[in-house]
K.L.:
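Handing you a structure now.
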Amino acid sequence: MDIVRHTDRNLALELVRVTEAAALAASRWMGLGKKNEADGAAVEAMRKAFDTVAIDGTVVIGEGEMDEAPMLFIGEKVGAGGPAMDIAVDPLEGTTLTAKGGPNAMAVVALAEHGNFLHAPDIYMEKIAVGGGLPDGVVGLEEAVGKNLRELAKARKCEVRDLVACILDRDRHKELVAKTREAGARIMLISDGDVAGVIATAQAQSGVDIYMGSGGAPEGVLAAAALRCIGGQMQGRLMFEDEKQISRAREMGVMDPNHVYTVSEMARGDVVFAATGVTSGAMLRGVRWFGKGATTHSMVMRSKSGTVRYVEAHHNFATKTWVQV
């Protein structure tokens, strides 16, 4: 079955309405220092918005296990009925960013036919990503940092010092940062939001050439879904802490704990990706409130066509609610 029959422009717009609802709810908590409340508001709004979408959806990347999350948990059914689809969600990518009023927080959803997303457990994933238009395998997780940067510079016909590497600002990345500086590349350290960090490698205006480091595995799948739509290379390897995590991953279909996943292994088939800005950043503008309304800025893209659409919506809450966005 071709997803094209179902995920037409109308369904793509429905996904945007889902991310809009989450972004609007989360934005009310911007800068208030309450990341859990912001996340909870986004989750609840997104879950309600899914009730209007004409799919038989199953959450495969979500807020955690059923006993850990009240809604949008792994395995939860969403949608108003229709074709069977797998759903990957991050109702608020950048909870701390929202709590502090920082840039690049957004609400994210990806959709594919059943069985086409990697069922990644909620653990860390080692990641490396670059944009499109480069030779296959130009960088890889198995290679040294310096070699990756030299090969990327060679492919881009520039010097290593011309490159910018995006890395999460974490203690666990001290060695990675040191090796990147030793190789001569410049660094953009980000406090949160590695989905946006990966996507930035595929956007020329971002100034980011490569993403490196470890972050959440669910976010890795969402980032791979985005790259499937706009082009780019990414590798990911799950990082297990104990045998319990490995056993749980095997229950979810991960047979080889050391496997290095490519973009097309993490997000297969025809993929639709949608995101709405909560706070403004290089990719999307944040929610702006006015009187009884608000404006939102979203993007929706699809791997089948490679089309990227930006949607600016003006919401009038005198006549509708957030769920009706």
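Throughout, numbering of the chain's residues begins at 1 and tracks the sequence. Source: prediction; values computed, not measured.
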K.L.:
Could you list the donor-acceptor pairs under 3.5 angstrom formed between side-chain atoms of residues 135-145 and any protein atom two or more places apart in sequence or on another chain?
P.N.:
{"unit_1": "Glu142", "atom_1": "OE2", "unit_2": "Arg237", "atom_2": "NH1", "d": "2.9"}
{"unit_1": "Glu143", "atom_1": "OE1", "unit_2": "Lys147", "atom_2": "NZ", "d": "3.3"}

K.L.:
Give the other cluster members for Val278, using side-chain heavy-atom distances under 4.5 Å between Ile, Leu, Val, Met, Phe, Trp and Tyr residues; answer none if it is isolated.
P.N.:
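Members besides Val278, by chain and number: Leu92.
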K.L.:
Please list every donor-acceptor pair under 3.5 Å in which a side-chain atom of residues 38-46 meets a protein atom from a residue at least two apart or in another chain.
P.N.:
{"unit_1": "Glu44", "atom_1": "OE2", "unit_2": "Lys48", "atom_2": "NZ", "d": "3.3"}

K.L.:
Please check if the number of heavy atoms outside Glu243 that lie under 6.0 Å from its CD is greater than 12.
P.N.:
no
K.L.:
Would you please name every residue forming a salt bridge (charged side-chain N to carboxylate O under 4.0 Å, His left out) with Arg250, sequence neighbours left out?
P.N.:
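With neighbours one apart ignored, the set is empty.
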K.L.:
Is it the case that over 12 heavy atoms from other parts of the model lie below 6.0 angstrom from the NE2 atom of His114?
P.N.:
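It does not: His114 NE2 has 12 such atoms or fewer within range.
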K.L.:
Could you work out, with ring pair (Phe, Tyr, Trp, His ring centres under 6.0 Å) as the rule, every residue matching His297, not counting sequence neighbours?
P.N.:
Tyr310
K.L.:
What I want to check is whether the side chains of His314 and Thr296 have a donor and an acceptor closer together than 3.5 Å.
P.N.:
no
K.L.:
Judged by atom type as modelled, is there a donor-acceptor pair below 3.5 Å linking the side chain of Thr279 to the main-chain atoms of Ala105?
P.N.:
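Yes.
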K.L.:
Tell me if a side-chain donor or acceptor on Asp56 pairs with a main-chain N or O of Gly82 at a distance below 3.5 Å.
P.N.:
no
K.L.:
Ala99: what forms a side-chain contact (heavy atoms from CB on, under 4.5 Å) with it, not counting sequence neighbours?
P.N.:
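Here the qualifying residues are Lys35.
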K.L.:
If you measure only the distance, is there a donor-acceptor pair under 3.5 Å linking the side chains of Ser264 and Arg228?
P.N.:
no
K.L.:
I'd like to check the salt bridge (charged side-chain N to carboxylate O under 4.0 Å, His left out) partners of Glu151; sequence neighbours left out, ordered by chain and number.
P.N.:
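Expected list: none.
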K.L.:
Does Asp51 use its side chain to pair, donor to acceptor, with the backbone of Ala80 at less than 3.5 Å?
P.N.:
no
K.L.:
Under the salt bridge (charged side-chain N to carboxylate O under 4.0 Å, His left out) test, which residues partner Lys77, sequence neighbours left out?
P.N.:
none
K.L.:
Does any pair with a residue in residues 187-198 pass side chain to side chain donor-acceptor pair (under 3.5 Å), and if so which ones, sequence neighbours excluded?
P.N.:
Lys127-Asp194, Arg170-Asp192
K.L.:
For Glu251, is the CD atom crowded, meaning more than 12 foreign heavy atoms sit under 6.0 Å from it?
P.N.:
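Counting other residues, nucleotides and ligands, CD of Glu251 exceeds 12 neighbours.
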K.L.:
Got a sec, which hydrophobics cluster with Leu32, joining ILVMFWY side chains under 4.5 Å apart, including via others?
P.N.:
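Members besides Leu32, by chain and number: Trp29.
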K.L.:
Under the rule for ring pair (Phe, Tyr, Trp, His ring centres under 6.0 Å), what residues qualify as partners of Tyr261, not counting sequence neighbours?
P.N.:
His259
K.L.:
I'd like a table of donor-acceptor pairs (distance under 3.5 Å, sequence neighbours excluded) in which one partner is a side-chain atom from residues 161-169, with atom names and distances.
P.N.:
{"unit_1": "Asp162", "atom_1": "OD2", "unit_2": "Glu159", "atom_2": "N", "d": "2.9"}

